[in-house]
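Order of the sequence lines fixes the chain letters, A, B, ..., with proteins taken first and strands second; residue numbering starts at 1 for each chain. Values in this document were obtained by computation on a predicted structure and should not be read as measured data.
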Amino acid sequence: MKIYNTLTKKKENFTPIEANKVKMYACGPTVYNYFHIGNARPFVFFDVVRNYLEYKGFEVTYVQNITDIDDKIINKAIEDNSTFKKIAKKYITAFEEDTQRLGIKKPDFQPKASEVIGEIIKLIKDLEDKGFAYQVDGDVYFSVESFKDYGKLSGKKIDDQKAGARVEANTNKKHPADFTLWKKAKPGEPVWGSPWGQGRPGWHSECVVLSQKYLECQSFDIHGGGVDLVFPHHENENAQAESLSHKPLANYWMHNGFINIEGEKMSKSLNNFFTARDILEEYDAEAIRFFFLSKHYRSPIDFNRDIMQESDTAVQNFYKAIKTINYLPQAGRQDYSCRFSSLKDVFFTAMDDDFNTAKALSVMFELAKIVKSNKEEESVRKEAADLLYELGSVLGFFQEIESKLSNDLGALSEKLLTILINIRDEAKANKNWVLSDKIRDSLLQEGIQLLDTKDGTKWEKK
RNA sequence: GGCGACAUCGCCAAGUGGUAAGGCAGAGGUCUGCAAAAUCUCCAUCCCCAGUUCGAAUCUGGGUGUCGCCUCCA
């Protein structure tokens, strides 16, 4: 299988450090607000990566951090007239609720920065002792000139940045690109004691500590996040880790593209921000998932209502297909016929090619078509349904299959519904279209769709 | 100014040298009191120019356009 590696800027064959095991780390949220639809993309995508690797038989350890120490949280606390801790706590809870609603499986470890302050201090001290970091008046900086490969991940050269000269001059730093490891305490901010006095860690160290700690190694397989994290965050993480271990923090660096809103970058000033929470009010979690997966993860993707509606239709189609044969599919079937094992291969080939989910989805459409087709044998349709369910599950779909397939309203409701249908049949027989349409429309408002078929009137929950 | 990505039907989107997947929307047929659903059929030569090649959406060069990063950011 191939993965595009930001570090080498090409697709590479994926070989984990330990055979059959994959250790992966993805940057999680900074808990100062509800996370938005753009944040949700990597959460969903790396969930799929993890699922797929497990499906392929790898034993996956997946770590995602929660940044609960940060300027943005401090600012939010001031803004809301609250405390730093309360803000973090509130949005951690919200994060957990929203990811669960999105159908994202919990990572194996989800540690917080605040849990490892001691280890972060140790890392910074180590960097200082070995000459990679220096202290100026209570602040500690990483010296980019001390790490000769600085810039290798993002493809940036230190001197170009100097020439750019957009960076605010900071007289304390030896080099403009040097980044903060430890910040001196300011009044009113949360602080921890350290060899450099009271202060708090910068953003770039926590991921180094948390990944190495929970993955139990200095260098692991996959590190992921949004493209904007490549520089400076991931570049800086790697600089710290590699300076000390002489190995890259991770072998494969994966970065997902951005989400635009109506063709424009999502930003607070444009007021085109959508939280995942808000979107979930309008659309099913799986429609959101489909929206993300319908395009390659590295491409930018435009978010708008039409596209969400389309995604919703697509997901409903998968469910509808299975509904037509009234059969609860089984995953993990071993004995697919030739026809279906080759379709399965198409799916695998697509996913093996740097997670080409858009192509993988086309296999699902093809299967759905077979499931629905009354030209196929029932056993063939069931087989197609099994595979559809199996592959869909890998991508995180069909989480609601039981409830979607069920038309169970409880015995009484069903009886009442039958009565209404009978009345409507009578009205229809009398060509009383006003009444029959009224019954149909009223039921539709309650989420019951009537379907007049050759074999009489049928109904289903919408 | 530096670095990088992308440009395929009305919309979304695969395709990385061998003659344009798939989805949505649309058109038409079947079915139908109407509607919905279902089902069948139809629907692109790939931003421009030049080059390489027997052959290019796919490679090279040059344009044009859109976007991202370089500052907190998924």
Which value, in whole Å, describes the distance between the [atom1] atoms of nucleotides [N] and [M]?
{"N": "A27(B)", "M": "G18(B)", "atom1": "C1'", "value": "33 Å"}
{"N": "C47(B)", "M": "C42(B)", "atom1": "C1'", "value": "28 Å"}
{"N": "G2(B)", "M": "U45(B)", "atom1": "C1'", "value": "38 Å"}
{"N": "U71(B)", "M": "U58(B)", "atom1": "P", "value": "36 Å"}
{"N": "G23(B)", "M": "G17(B)", "atom1": "P", "value": "25 Å"}
{"N": "A14(B)", "M": "C43(B)", "atom1": "P", "value": "23 Å"}
{"N": "C48(B)", "M": "A57(B)", "atom1": "C1'", "value": "14 Å"}
{"N": "G15(B)", "M": "C6(B)", "atom1": "P", "value": "12 Å"}

As a test of reading the structure: which of [options] is closest to the side chain of [X], going by heavy atoms?
{"X": "Lys156(A)", "options": "C70(B), A36(B), A74(B)", "answer": "C70(B)"}
{"X": "Phe365(A)", "options": "A35(B), G23(B), C24(B)", "answer": "G23(B)"}
{"X": "Ser362(A)", "options": "C34(B), G22(B), C70(B)", "answer": "G22(B)"}
{"X": "Asn39(A)", "options": "A74(B), C24(B), C72(B)", "answer": "A74(B)"}
{"X": "Glu310(A)", "options": "G33(B), C24(B), A36(B)", "answer": "C24(B)"}
{"X": "Asp437(A)", "options": "C24(B), A14(B), G33(B)", "answer": "G33(B)"}
{"X": "Phe258(A)", "options": "A14(B), G68(B), G23(B)", "answer": "G68(B)"}
{"X": "Ala358(A)", "options": "G33(B), A74(B), A13(B)", "answer": "A13(B)"}
{"X": "Lys375(A)", "options": "C40(B), A36(B), A21(B)", "answer": "C40(B)"}

Whole angstrom value for the distance that separates [atom2] of [N] from [atom1] of [X]:
{"X": "Ile66(A)", "N": "A74(B)", "atom1": "CD1", "atom2": "P", "value": "14 Å"}
{"X": "Asn33(A)", "N": "C72(B)", "atom1": "CG", "atom2": "P", "value": "19 Å"}
{"X": "Ile259(A)", "N": "A5(B)", "atom1": "CD1", "atom2": "P", "value": "21 Å"}
{"X": "Gln64(A)", "N": "A74(B)", "atom1": "CD", "atom2": "P", "value": "12 Å"}
{"X": "Lys295(A)", "N": "C12(B)", "atom1": "NZ", "atom2": "C1'", "value": "8 Å"}
{"X": "Asp354(A)", "N": "U16(B)", "atom1": "CG", "atom2": "C1'", "value": "13 Å"}
{"X": "Phe179(A)", "N": "C70(B)", "atom1": "CZ", "atom2": "P", "value": "15 Å"}
{"X": "Glu460(A)", "N": "A36(B)", "atom1": "CD", "atom2": "C1'", "value": "10 Å"}

Base partner of [N], which must satisfy Watson-Crick or wobble distances under 3.5 Å:
{"N": "G10(B)", "value": "C24(B)"}
{"N": "C47(B)", "value": "G63(B)"}
{"N": "A57(B)", "value": "none"}
{"N": "C31(B)", "value": "none"}
{"N": "A74(B)", "value": "none"}
{"N": "G68(B)", "value": "C3(B)"}

Inset, instruction - May I ask you to decide if the ring planes of Phe109(A) and Tyr214(A) are parallel, tilted or perpendicular, using 30° and 60° as cut-offs? - result: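 Ring orientation of Phe109(A) relative to Tyr214(A): tilted.
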With heavy atoms under 4.0 Å as the rule, sort [X] into base, sugar-phosphate or nothing.
{"X": "Thr324(A)", "answer": "nothing"}
{"X": "His255(A)", "answer": "nothing"}
{"X": "Arg424(A)", "answer": "base"}
{"X": "Asp452(A)", "answer": "base"}
{"X": "Lys320(A)", "answer": "sugar-phosphate"}
{"X": "Gly225(A)", "answer": "sugar-phosphate"}
{"X": "Lys369(A)", "answer": "sugar-phosphate"}

Below 6.0 angstrom between ring centroids: does that apply to [X] and [Y]?
{"X": "His223(A)", "Y": "Tyr252(A)", "value": "no"}
{"X": "Phe355(A)", "Y": "Tyr4(A)", "value": "no"}
{"X": "Phe291(A)", "Y": "Phe303(A)", "value": "yes"}
{"X": "Tyr34(A)", "Y": "Phe273(A)", "value": "no"}
{"X": "His234(A)", "Y": "His204(A)", "value": "no"}

Legend entry - Residue that, paired with Asp47(A), satisfies side-chain hydrogen bond (donor to acceptor under 3.5 Å, both in side chains) out of Lys105(A), Arg289(A), Gln64(A):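 With Asp47(A) as partner, side-chain hydrogen bond (donor to acceptor under 3.5 Å, both in side chains) holds for just one option, Arg289(A).
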Inset, instruction - Can you spot which of Asn432(A), Asp452(A), Asp437(A) makes a side-chain hydrogen bond (donor to acceptor under 3.5 Å, both in side chains) with Arg424(A)? - result: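 Running side-chain hydrogen bond (donor to acceptor under 3.5 Å, both in side chains) over Asn432(A), Asp452(A), Asp437(A) with Arg424(A) returns exactly one hit, Asp452(A).
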Legend entry - Cationic tip of Lys72(A) above Tyr32(A) ring, under 6.0 Å, 45° of axis: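 Checked: cation-pi criterion met.
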Inset, instruction - Please tell me which of Asn256(A) and Lys372(A) maps to the more 5' nucleotide of RNA chain B, matching each residue to the nucleotide holding its nearest heavy atom. - result: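 Here Lys372(A) is the residue nearer the 5' end.
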Legend entry - Comparing Lys431(A) and Ile307(A) on RNA chain B - which has the more 5′ nearest nucleotide: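 Its nearest nucleotide lies further toward 5', so the answer is Ile307(A).
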Inset, instruction - May I ask you to verify if any side-chain N or O of Asn356(A) is less than 4.0 angstrom from the OP1 or OP2 atom of G15(B)? - result: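 Yes, within the criterion.
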Legend entry - side-chain N/O Asn432(A) vs G33(B) OP1/OP2, d < 4.0 Å: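 The answer is no; no side-chain N or O of Asn432(A) sits under 4.0 Å from OP1 or OP2.
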Legend entry - Test item: Ile325(A) and Lys382(A) side chains (from C-beta on) under 4.5 Å apart, heavy atoms: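 Side chain of Ile325(A) against side chain of Lys382(A), heavy atoms only: contact under 4.5 Å found.
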Legend entry - Close residues, residues 376-385 of chain A, relative to RNA chain B [heavy-atom separation under 4.0 Å]: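 Close to the strand, none.
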Inset, instruction - Might you work through the side-chain contact (heavy atoms from CB on, under 4.5 Å) test for Gln110(A) and Phe95(A), ending with a clear yes or no? - result: CA-CA 12 Å; Gln110(A) 216 162 33; Phe95(A) 167 71; 3.5 Å; yes
Inset, instruction - Answer yes or no: side-chain N or O of Arg440(A) and base N or O of A36(B) forming a donor-acceptor pair under 3.5 Å. - result: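 A donor-acceptor contact between them is absent.
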Legend entry - Pi stacking test for Trp433(A) and G33(B): under 5.5 Å apart, planes under 30°: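 Aromatic stack with G33(B) present for Trp433(A).
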Legend entry - Member of Asp68(A), Ile66(A), Asn65(A), Ile117(A) meeting the side-chain contact (heavy atoms from CB on, under 4.5 Å) criterion with Glu206(A):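 Of all the options given, the one that passes is Asn65(A).
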